[in-house]
Structure formats: C-alpha cells, structure tokens
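Structure, as structure tokens:
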Amino acid sequence: MKAQTPRTIQEAEAIQDELRPLLDLTGPGPRRPARVAGVDVAYDGQRLAAAVAVLDGATLEVVEQVTVGGRVAFDYVPGLLAFREVPALLEALGRLTAAPDLIVCDGYGLAHPRRFGLACHLGVLTGLPTIGVGKTAFVGSYPDPAPERGSWTDLTLDGDVVGRVLRTRHGVKPVFVSVGHRVDLDTACHNVLALTPHYRLPETTRVSDRLSRMALIENVTFD
DNA sequence: GCGACAG
DNA sequence: ATCTTGTCGC
C-alpha cells in the first residue's frame, strides 16, 4: 500500500479514520523477533533523511541499514505526524533485502486522539507488526511508575487503556509505549525491555536516529 | 475561548 | 524536529 499525502488537516484526519478499521489489534506479535527494525527521520529545513536500521533481535547487532533522502511534504501538526514521516519511511523500508519481524517507531500508536498514530499508520500500510515508543507525553494521563526498571503504569485516554508508561532504566524518565499493528501491549513492552539493556531508549531508535542524522549531513541522497 | 500538543 | 556549553553522575 502506498502513502497518501493530504492537502489539508481535514483530509488528513479523514484518511486516518479511513485506515483505522484496517488495524489488527489481535496480537500477540513476535516475542523473539529475529529482525527488529528501528525507523526515524531527521530534518534540515525542507530537506529530510529517513533511516531504517535492522538489528538482530537476540544480539542487538545491526544487520542492515537503509537511508533515503527527500523533501517535507506535510508540515508537522500534533496528531498528524505520520503524514510527515511515513512516505519516506515506506521508501526506505521498501529497499530492505528482507522484511523485519517487528518495527519500532519513534512516537505513538494507539495512544492518539483518533487512535491512529504513526505506528498504526506505518503498520497498516506495510502490513508488518509495529509498536510506538514515545520519549515525551502526548495524550492520556498516568501515574508515575515505580523507579525500578520494568515497572509500568497504564496510560489512559477517555477511559481506555491506550498504552503504558514504562521504566526502562532505574530512576530514569520512563518511555511511552503503545501498540501499532499486529502486536499486543504486553508483547510490545516485552520487546522494549529486550531492546533497552542499558539505555532509556530502544537500541533500534538510537541507531536509526544516529543513521538519519548522518545521512542528512552527508547529503547521501537528495531530491 | 485558552492552552497543550508525538517528532 | 531543531537551535546549543558546560556540567553532574555512573
């Protein structure tokens, strides 16, 4: 499936409502994924660089990397981040030699105003299992989780549990985990903990973030 | 109406 | 996201 680029906020919201029914929230999703992909996009004005880093799910070693350059086609609007990043991410994902078993997105999934954040969007368009890991609060309310790594609390929105606030490092600010597509919340958190042996953020997002910034600086590709 | 608001 | 030095702590 290819990404649509709306011209207005109304069109964008309509597309989200249209794709939302295609979400598969059945789960459970992979517990021991062989290949886990991290995706991220870096910007410099209108120029952008999308990156996909695939890690071995067991060793966390980088096994494949892809970067693509492009131009911003949709300005950032809270709740519509996917329209800014998905086109370039699909392009990059399409250049992988093999599909990953799980994709870890920078941002939110179900924990979204219309229950269709970046992770859901990318999941539906690729058909692959996805989860979202946000660094800061966006929507929902929550109690602070205990200081121990692994402790978590419910992220609630309009009376629904839409995600978890998970502590990945003792005494360090937690991350916001929500499901994207074809993965349940327990499995999503299980994977996030497996990807954070010593840092707050998943190795997948750390590597893809670094990769996208490098690509931007090196002008590896541009339109 | 006003402020908040993933990246 | 991006603009940006030094500094506290493991």
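Heavy atoms only: backbone and side chains are in, while hydrogens, waters and symmetry mates are out. Letters A, B, ... are given to chains in the order of the sequence lines, protein chains preceding strands, and every chain is numbered from 1.
At the heavy-atom level, A:R213 lies under 4.0 Å from the strands shown only through sugar-phosphate atoms. At the heavy-atom level, A:Y108 lies under 4.0 Å from base atoms of the strands shown.
For the pair A:R149/A:R169, no side-chain contact is recorded, criterion being any heavy-atom separation below 4.5 Å from C-beta on. A:L60 is listed as a side-chain neighbour of A:P197, based on a closest heavy-atom distance under 4.5 Å.
When the nucleotides B:dG7, C:dA1, B:dA6 are ranked by their closest atom to the side chain of A:D40, B:dG7 comes out on top. With C:dA1, B:dG7, B:dC5 as the choices, the nucleotide that has an atom nearest any side-chain atom of A:F138 turns out to be B:dC5.
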Intra- and inter-strand pairing of DNA chain C, written as dot-bracket with Watson-Crick and G-U pairs under 3.5 Å and | for the latter, reads ..........
Both atom distances under 3.5 Å, Watson-Crick or G-U wobble: I'd like the secondary structure of DNA chain B as a dot-bracket string, with | for pairs made across strands. .......
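In this structure, A:K135 does not reach the B:dA6 phosphate: none of its side-chain N or O atoms is under 4.0 Å from OP1 or OP2.
Other residues, nucleotides and ligands contribute more than 12 heavy atoms inside 6.0 Å of the CD atom of A:E64.
A salt bridge is defined here as a Lys NZ or Arg NE, NH1 or NH2 lying under 4.0 Å from an Asp or Glu carboxylate O, and A:D106 with A:K135 meets this definition. Salt bridge status for A:R31 with A:D184: absent, with no side-chain N to carboxylate O gap under 4.0 Å.
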